[in-house]
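Scroll down for the structure; my scribbles are underneath it.
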Amino acid sequence: MSNFKELDEFKKLGEVKELSALWFSLPQPIRFIIAGGYNTAVGYILFIAAVYVFGRSQTGVQAALLSSYILSSFNSYLVQKFLVFRTKGNYIKEYFKALSVWAAGYVINAVLLYLFTKKLNIHPYAAQALSVCLVTFFTYVLFKHYSFRRSAE
C-alpha cells in the first residue's frame, strides 16, 4: 500500500511541475493580471468585511480601505515577487519599494473612493471595484520598473 501512496505523491509532484511550467510560460503582464485578480479578491473581501465592522460613513469607508490595504499587502508582495516578477533576494528592499507603490496607489484609490462615494453617490462596494480597475495599470508599471526591477534593467 505505501508504494501506491508514494506513486500518487510522485504523480502529484509531476502535475505541480507541469502547472508551474504552464504558469511561467504566460507573459508577465498576464501573470500580473491573474495574480492581481487573486490579490484584488483578497483585498476586496477584506474591504467588505472592514466596511461591515467600521460602517458605511465616509470615515468608516476610509478606515476599511486603509485596513484592507495593510492586511493584504504582505500576501500581495509574496505573490508578486515569486509568481509574477520572479526576483531573487532583496526581500526587505523590494518589500519597502512595494509598500511605497501601494502607498501611492492607496492615495489615488482613497481620492477616487471619496469622489465616487461622496460626489457621485456610488455605493462603496461598486466604487471600490471601479477604483481598483483604475489603479491596476499604475501599480503594474511601478512594480515592474521600480519595486521588482531586475538589476540588468
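Note that these values count all heavy atoms, side chains included, but never hydrogens, waters or copies made by symmetry.
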Linking Ile, Leu, Val, Met, Phe, Trp and Tyr by side-chain heavy atoms under 4.5 Å, what else ends up with V132? none
Please report the C-alpha distance between L99 and W102 in whole Å, then the side-chain angles of each, then the deciding distance to 0.1 Å, and finally whether the side chain to side chain contact (heavy atoms under 4.5 Å, CB included) criterion is met. CA-CA 5 Å; L99 284 176; W102 286 311; 3.8 Å; yes
If hydrophobic residues (ILVMFWY) are linked whenever their side-chain heavy atoms come closer than 4.5 Å, directly or via other members, who joins L83 in its cluster? W23, F24, L26, I30, I34, Y38, V42, L46, L71, V79
Count I, L, V, M, F, W, Y as connected when their side-chain heavy atoms are under 4.5 Å apart, and connections chain through other members. Are Y146 and V135 then in the same cluster? yes
With sequence neighbours left out, what residues match S72 under side-chain hydrogen bond (donor to acceptor under 3.5 Å, both in side chains)? none
So side chain to side chain donor-acceptor pair (under 3.5 Å) across residues 123-132, not counting sequence neighbours, yields N109-Q128
Inter- and intrachain pairs under salt bridge (Lys or Arg N to Asp or Glu O under 4.0 Å), touching residues 23-47, at least two apart: none
Is it possible for you to say whether I45 and I48 belong to one hydrophobic cluster, with membership spreading through side-chain heavy-atom contacts below 4.5 Å? no
Shared-cluster residues of Y52, by chain and number - hydrophobic side chains joined below 4.5 Å: none
According to the salt bridge (Lys or Arg N to Asp or Glu O under 4.0 Å) rule, which pairs have a member within residues 73-82, sequence neighbours left out? K81-E94
Show me the donor-acceptor pairs, under 3.5 Å and distance only, between side chains in residues 53-66 and residues at least two apart or in other chains.
from, atom 1, to, atom 2, distance (Å)
S57, OG, G60, N, 3.0
Q58, OE1, T117, OG1, 3.2

With sequence neighbours left out, write down each residue that passes side-chain hydrogen bond (donor to acceptor under 3.5 Å, both in side chains) with S67, or none if nothing qualifies. none
Atom pair OH (Y140) and CZ (F32), whose distance is rounded to the nearest 0.5 Å: 7.5 Å
In terms of relative ring orientation, are F82 and Y91 parallel, tilted or perpendicular, with 30° and 60° separating the classes? tilted
Distance-minimising heavy-atom pair for F85 and F148: CD1-CD1, 3.5 Å
Partners passing side-chain hydrogen bond (donor to acceptor under 3.5 Å, both in side chains) against Y95 (at least two apart in sequence or in another chain): S73
May I ask whether F74 and I92 are part of the same hydrophobic cluster, defined by side-chain heavy atoms of I, L, V, M, F, W, Y residues being less than 4.5 angstrom apart, directly or through others? yes
Under 4.5 Å between side-chain heavy atoms, chaining through other members, with only Ile, Leu, Val, Met, Phe, Trp and Tyr counted: pull out the rest of the cluster around I33, sorted by chain and number. none
Taken in chain and number order and not counting sequence neighbours, the residues that satisfy ring pair (Phe, Tyr, Trp, His ring centres under 6.0 Å) with Y44 are none
Which is it for K97 and N90 under the side chain to side chain contact (heavy atoms under 4.5 Å, CB included) test, yes or no, and what are the steps along the way? CA-CA 10 Å; K97 284 182 167 185; N90 302 317; over 6 Å; no
